[in-house]
Visitor: 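Pasting a structure here, questions to come.
Just so it is clear: chains get the letters A, B, ... in the order the sequence lines come, proteins before strands, and each one is counted from 1. Computed over heavy atoms, backbone and side chain alike; hydrogens, waters and symmetry mates excluded.
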Amino acid sequence: MVTIMDQYNPSAIEAKWQDRWEAGECFVADNNSDKPKYYVLEMFPYPSGRIHMGHVRNYTLGDLVARFRRAQGFNVLHPMGWDAFGLPAENAAMERGVHPGKWTIENISAMRAQLRGMGLSYDWDRELATCTPDYYQHEQRMFLKFMEKGLAYRKESWVNWDPVENTVLANEQVVDGCGWRSGAPVERRLLSQWFLKITEYADDLLDAIEGLDRWPDRVRLMQQNWIGRSEGARVRFALSGEIPKDISAETDYIEVFTTRPDTLYGASFVAVAANHPLAIAVARDSDDATDFLAECAKLGTSEAAVETAEKKGFDTGLTVQHPLVADCQLPVYIANFVLMEYGTGAIFGCPAHDQRDLDFANAYNLGVIPVVLPEDADAGDFKITDTAYTGPGKLFNSGPWDGMNVEDGKRAAIAALEAAGAGNGQTTYRLRDWGVSRQRYWGCPIPIIHCDSCGLVPVPEADLPVELPEDIDFEAPGNPLSNHPTWKHVSCPDCGGEAIREQDTFDTFFESSWYFLRFADPHHPQGFSREAAAYWMPVDQYIGGVEHAVLHLLYSRFFMRALRDTGYLEGDEPFAGLMTQGMVCHQTFRGADGKWLFPTEVERDGDSWKLRDTGTAVTAGRIEKMSKSKRNVVDPDVIIETYGADTARLFMLSDSPPERDMEWTEAGVEGASRFLKRIYRLAADPSLSKAEAQLPDSGAGGDLVRAAHRAIDAMTADIEAFRFNKAVAQLYTLANAIGEVRGNEASDLAARRFGVETLIRLLYPLAPHIAEEIWEVLGHEVMLADTDWPKADPDMLTEDSVEIGVQVNGKLRDTVSLPVDAEEDVARAAALASAGVIRYLEGREPKKVIVVRNRIINVVV
RNA sequence: GCGAGUGUGGCGGAAUCGGUAGACGCAGCGGAUUCAAAAUCCGCCGCCCGCAAGGGCUUGGGGGUUCAAGUCCCCCCACUCGCACCA
């Protein structure tokens with residue numbers, strides 16, 4: 001018989017149960033089970049060396065879901081791994097001379113120990129690290145399959161170059177014109193790069209968002225915007241008049257993209273981007289044009305630059321023929337607001353119905369021809385001066401389309417363009433193909449060989465995997481793999497001649513785009529089996545930060561489709577349910593010198609704060625996301641040492657709903673700790689072990705039994721709906737109800753024991769160690785990890801009577817106690833007899849009495 | 001600029017269907033226990049007036065619908081996030 005220790009001692013309890021769970025193989029997932037499956041996954045961490053509070057929150061949320069579903073009888077897969085390629089490892093190599101692989105492996109073992117200390121219910125047999133050939137070899141094969149299918153290709157293109165990281169970035173990794181990690185302004189470079197054809201799936205990725213009904217709307221919207229489908233038309237404008245030879249040699253037309261072909265009759269100019277081939281051709285013979293192009297090139301793409309930039313243009317002197325109006329010639333400008341990257345790099349301007357075009361037309365005295373008439377306007381005096389009209393209306397000044405609405409006008413315009421051979425309907429996307437080449441060492445080698453005579457040659461199956469060389473020099477500038485003396489030199493698999501390996505490695509988002517599949521079948525020689533993928537996928541609940549809304553989450557959706565179409569699996573969506581957790585925030589502090597201070601350096605001084613050792617006053621700043629740079633961080637290890645993992649977990653779940661930002665406070669942690677100590681004391685009551693009587697159904701004991709059933713019912717619903725803060729409140733409420741039963745009759749003891757046992761079972765997924773300990777002390781031999789979730793007895797959830805508010809003219813004046821489902825006349829009589837109503841009526845007859853059963857009574861006078 | 005979200009006591013937050021606003025916790029206040037403190041236990045706790053009984057006000061602001069509005073509709077304000085010369 002295990003007896004309870006005098007005092008709650010988290011470190012002893014937690015180590016004990018972590019060992020027991022491991023020895024009992026409690027959390028090993030079964031690929032051949034009759035139970036329904038449930039796959040819960042938290043976004044795997046980069047092994048930076050230490051976990052932070054964001055990890056603690058993320059994994060606490062996941063562990064709650066995993067333990068809850070397991071108790072409900074699901075075959076739960078809850079794995080953990082390491083997103084182990086990436087730049088910090090190379091930086092460590094440069095700064096400290098340690099090999100990236102060694103550094104990464106050491107970090108992994110340190111972090112694994114920290115995670116173990118949190119008591120997380122992972123199936124560690126499925127652990128993976130993406131930097132091992134055992135993992136990355138599979139993506140080399142995937143890549144070659146993608147190539148065969150035309151989903152991976154190489155092209156020369158302008159790319160985003162991060163001058164600090166010395167590598168290319170994907171469009172998704174450029175934020176406000178700067179590198180997402182380095183923060184350095186990106187440069188544009190023309191390079192030969194590998195791309196994955198995500199645009200092939202643009203429509204599918206967009207349309208399928210609708211089916212992701214367990215994703216936050218916010219993320220779905222962000223993906224929609226990122227894909228950015230816009231429907232419109234391509235329109236060809238033939239160059240007219242005298243065309244200089246230089247230009248006619250290049251082209252004899254300009255093709256534009258528009259979403260408003262219905263406004264074609266309102267066109268007054270055509271403009272091309274500064275890096276459009278036509279602009280470059282014009283600049284060959286014109287110093288003024290060359291100067292203008294240089295000016296445009298100088299203008300950054302940053303937010304600030306864009307906002308302050310004036311609409312500027314350069315009149316090329318060229319004209320184009322309007323495709324539908326015979327005698328209409330339009331001037332051709334080079335304009336700084338036209339982007340080569342979007343559409344065709346050229347537009348037609350309809351100033352009346354586009355604000356940008358209007359600003360431009362006003363600056364260069366171009367015509368403004370309104371062609372859409374708002375419903376309540378008069379064609380005679382409708383004028384556009386400095387605000388363009390973009391709303392709905394009837395077309396006018398538009399020849400055969402007059403009188404049509406905008407939508408019909410678009411269709412008519414496309415039909416007319418197609419008939420005239422001057423254009424066609426066209427859908428464009430903001431989404432670009434995913435550039436995956438990175439000029440880094442610590443990534444997965446791209447399995448390609450460059451041969452002067454055979455071209456691009458895939459590394460043959462037998463030669464896979466292409467492993468990274470161990471001996472590597474980070475001192476020289478540039479790509480370390482290129483600098484390696486021998487690694488890149490190979491003979492061509494086709495002709496046997498001298499050839500050279502591809503020296504770029506994959507973007508590390510490649511690894512995270514399929515790791516959830518590897519977890520399903522972590523030792524399979526082909527990466528994973530169709531059967532395992534079919535059984536476990538999709539992930540039922542995915543949990544992580546919202547910062548991956550368009551990176552990882554979009555790439556993974558693409559990968560599922562690409563793997564489906566290359567024969568790896570069936571299905572298309574990786575994550576059926578997504579929960580994006582809020583950030584962990586903390587107050588910031590600055591010393592007299594303006595430098596940031598750690599919370600550990602500071603202590604309370606009445607309403608303000610002071611330095612712990614000198615007592616000097618400290619400035620308390622905003623509550624912000626915990627970050628090393630602001631020093632407002634709290635080390636999870638210190639918290640776990642001081643309070644225990646259960647306390648840290650409980651606090652993470654209390655108070656704030658999981659999707660919202662939360663503030664980490666000492667007082668909050670103390671509160672969680674106090675609650676666990678209180679539960680421990682409740683359970684330490686020796687009389688509980690003697691409770692063997694029948695459960696009472698009346699009196700204080702009966703109330704407690706009903707309260708326990710209500711707690712089960714509410715808690716189950718709250719966990720299923722991710723209302724974890726409310727779930728914690730249910731625990732407090734039940735604990736309070738237990739405290740109400742103070743008698744020592746056999747029935748009281750029985751009720752108390754039932755209350756405590758229920759409380760412990762409900763507490764288990766949140767604070768599992770203390771729950772297991774108390775469960776054992778109460779005499780149970782089967783661990784809670786192997787115990788079913790409690791079920792509420794529906795009969796115990798109903799009450800006999802209900803307190804109902806009584807209003808007079810909508811204002812609460814009294815309450816009455818009524819039997820549940822009381823008849824209307826009974827309720828009415830009770831309300832009219834209540835003191836508050838009598839006082840208010842002062843003898844008057846009520847006009848009307850509204851009775852809403854079991855809810856409210858409103859007396860209207 | 002466009003899109004989305006948020007706004008409730010001193011604080012974090014409840015209120016799931018239009019039906020007793022403020023569950024639960026934190027902080028605070030009072031008491032018990034203690035030589036004392038910590039811890040613990042009991043009680044109070046939206047704001048204003050009042051000894052009390054009771055009354056008035058209150059969910060960012062203003063209007064509206066309704067017997068009844070934190071919740072629905074219209075207008076406005078503030079903050080947060082995402083996108084952005086996107087044709």
Side-chain angles (χ1 to χ4, degrees), chain A residues 7 175-176 216-226 228 230 232-233 235 256-260 263 271 273 299 301 303 305-307 309-312 335-339 341-350 354-357 359-360 428-430 546-547 549-550 651 654-657 659-663 665-672 674-675 677-678 681 714 717-718 721 723 725-736 739 802-816 835-836 839 846-861:
Chain A
Q7 264 200 331
V175 180
D176 290 340
D217 289 344
R218 188 158 67 120
V219 175
R220 303 201 304 174
L221 196 72
M222 281 163 77
Q223 291 213 352
Q224 271 167 23
N225 291 340
W226 191 264
S230 56
V235 186
V256 308
F257 175 73
T258 178
T259 55
R260 294 296 303 274
T263 64
L299 197 78
T301 52
E303 199 174 332
V306 163
E307 232 156 65
E310 259 179 86
K311 307 273 170 292
K312 280 195 180 164
N336 63 353
F337 65 89
V338 180
L339 305 176
E341 298 77 41
Y342 189 77
T344 59
I347 62 157
F348 82 79
C350 175
D354 182 289
Q355 189 60 47
R356 256 178 346 197
D357 295 351
D359 294 346
F360 189 78
T428 51
Y429 302 88
R430 216 186 76 107
V546 74
E547 66 272 18
V550 286
F651 175 57
S654 311
D655 296 348
S656 295
E659 65 279 0
R660 219 178 287 187
D661 290 352
M662 66 171 289
E663 189 194 352
T665 60
E666 190 80 14
V669 185
E670 290 282 356
R674 231 176 2 243
F675 181 61
K677 285 180 190 156
R678 184 170 147 217
R681 276 194 305 276
D718 285 338
R723 294 183 297 243
N725 53 325
K726 285 185 70 186
V728 173
Q730 306 299 349
L731 295 175
Y732 275 97
T733 307
L734 179 54
N736 291 344
V802 57
E803 281 280 298
I804 290 182
V806 181
Q807 299 175 330
V808 178
N809 289 340
K811 280 204 175 290
L812 186 74
R813 295 300 172 190
D814 211 336
T815 59
V816 292
R839 188 166 49 240
K847 279 197 202 119
K848 194 160 45 157
V849 179
I850 291 156
V851 178
V852 182
R853 188 168 287 189
N854 299 334
R855 281 271 154 105
I856 201 146
I857 302 162
N858 192 6
V859 178
V860 186
V861 288

Visitor: What's R430(A) touching, base or sugar-phosphate or nothing? Going by heavy atoms closer than 4.0 Å.
Guide: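 If one applies the 4.0 Å heavy-atom cut-off, R430(A) turns out to touch a base.
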Visitor: Could you pull out the protein-nucleic contacts involving nucleotides 44-54 of chain B (nitrogen or oxygen on both sides, under 3.5 Å)?
Guide:
none

Visitor: May I ask which nucleotide in the shown strands pairs with C41(B), Watson-Crick or G-U wobble, both distances under 3.5 Å?
Guide: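 Pair assignment: C41(B) / G31(B).
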Visitor: Using a cut-off of under 3.5 Å, enumerate the N/O to N/O pairs linking the protein to nucleotides 27-32 of chain B.
Guide:
residue, atom, partner, partner atom, Å
A27(B), OP2, R674(A), NH2, 3.4

Visitor: Run the salt bridge (charged side-chain N to carboxylate O under 4.0 Å, His left out) test against D354(A) and tell me which residues pass, sequence neighbours left out.
Guide: R356(A)
Visitor: Quick one: E659(A) CD to U6(B) C1', roughly how many Å, whole number?
Guide: 12 Å
Visitor: How many Å lie between CZ on F348(A) and C1' on A87(B), as a whole number?
Guide: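 So the CZ-C1' distance, F348(A) to A87(B), works out to 9 Å.
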Visitor: Can you name the side chain to side chain contact (heavy atoms under 4.5 Å, CB included) partners of K312(A), sequence neighbours left out?
Guide: F292(A), E295(A), E310(A), N336(A), Y364(A)
Visitor: Applying side chain to side chain contact (heavy atoms under 4.5 Å, CB included), name anything that partners N854(A), two or more places apart in sequence or on another chain.
Guide: V802(A), V820(A), D821(A)
Visitor: Quick one: list whatever passes ring pair (Phe, Tyr, Trp, His ring centres under 6.0 Å) with Y342(A), sequence neighbours left out.
Guide: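 In terms of ring pair (Phe, Tyr, Trp, His ring centres under 6.0 Å), with neighbours along the sequence ignored, Y342(A) is linked to no residue.
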Visitor: For R660(A), which residues count as a salt bridge (charged side-chain N to carboxylate O under 4.0 Å, His left out) partner, sequence neighbours excluded?
Guide: none
Visitor: Kindly write out the residues that satisfy side chain to side chain donor-acceptor pair (under 3.5 Å) with Q355(A), not counting sequence neighbours, or none if the list is empty.
Guide: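 By the side chain to side chain donor-acceptor pair (under 3.5 Å) rule, Q355(A) matches D359(A).
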Visitor: Could you tell me whether the side chain of K847(A) has a donor or acceptor atom within less than 3.5 Å of a complementary atom in the base of C67(B)?
Guide: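 Answer no: no donor N or O sits under 3.5 Å from an acceptor.
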Visitor: The criterion is salt bridge (charged side-chain N to carboxylate O under 4.0 Å, His left out); which residues satisfy it with R813(A), sequence neighbours excluded?
Guide: none
Visitor: Name every donor-acceptor pair, under 3.5 Å, that has one atom in a side chain of residues 725-732 of chain A and the other anywhere in the protein, sequence neighbours excluded.
Guide:
residue, atom, partner, partner atom, Å
N725(A), ND2, D655(A), O, 3.3
Q730(A), NE2, D718(A), OD2, 3.1

Visitor: Restricting to salt bridge (charged side-chain N to carboxylate O under 4.0 Å, His left out), what partner residues turn up for R681(A), sequence neighbours left out?
Guide: none
Visitor: Encode nucleotides 11-24 of chain B as B, S and - characters from 5' to 3', where the letter depends on protein heavy atoms closer than 4.0 Å: B to the base, S only to sugar-phosphate, - to neither.
Guide: -BSSSB--BB--BS
Visitor: Might you point out which heavy atoms bring I856(A) and G805(A) nearest each other, and give the distance in Å?
Guide: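 Residues I856(A) and G805(A), closest heavy atoms: CG1-O, 3.5 Å.
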Visitor: State, to 0.1 Å, how close F360(A) and K311(A) come at their nearest heavy-atom pair, and which atoms those are.
Guide: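 For F360(A) and K311(A), the tightest heavy-atom pair comes out as CD1-CB, 4.1 Å.
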Visitor: Expressed in angstrom and rounded to an integer, what is the separation of Q224(A) atom CD from C81(B) atom P?
Guide: 22 Å
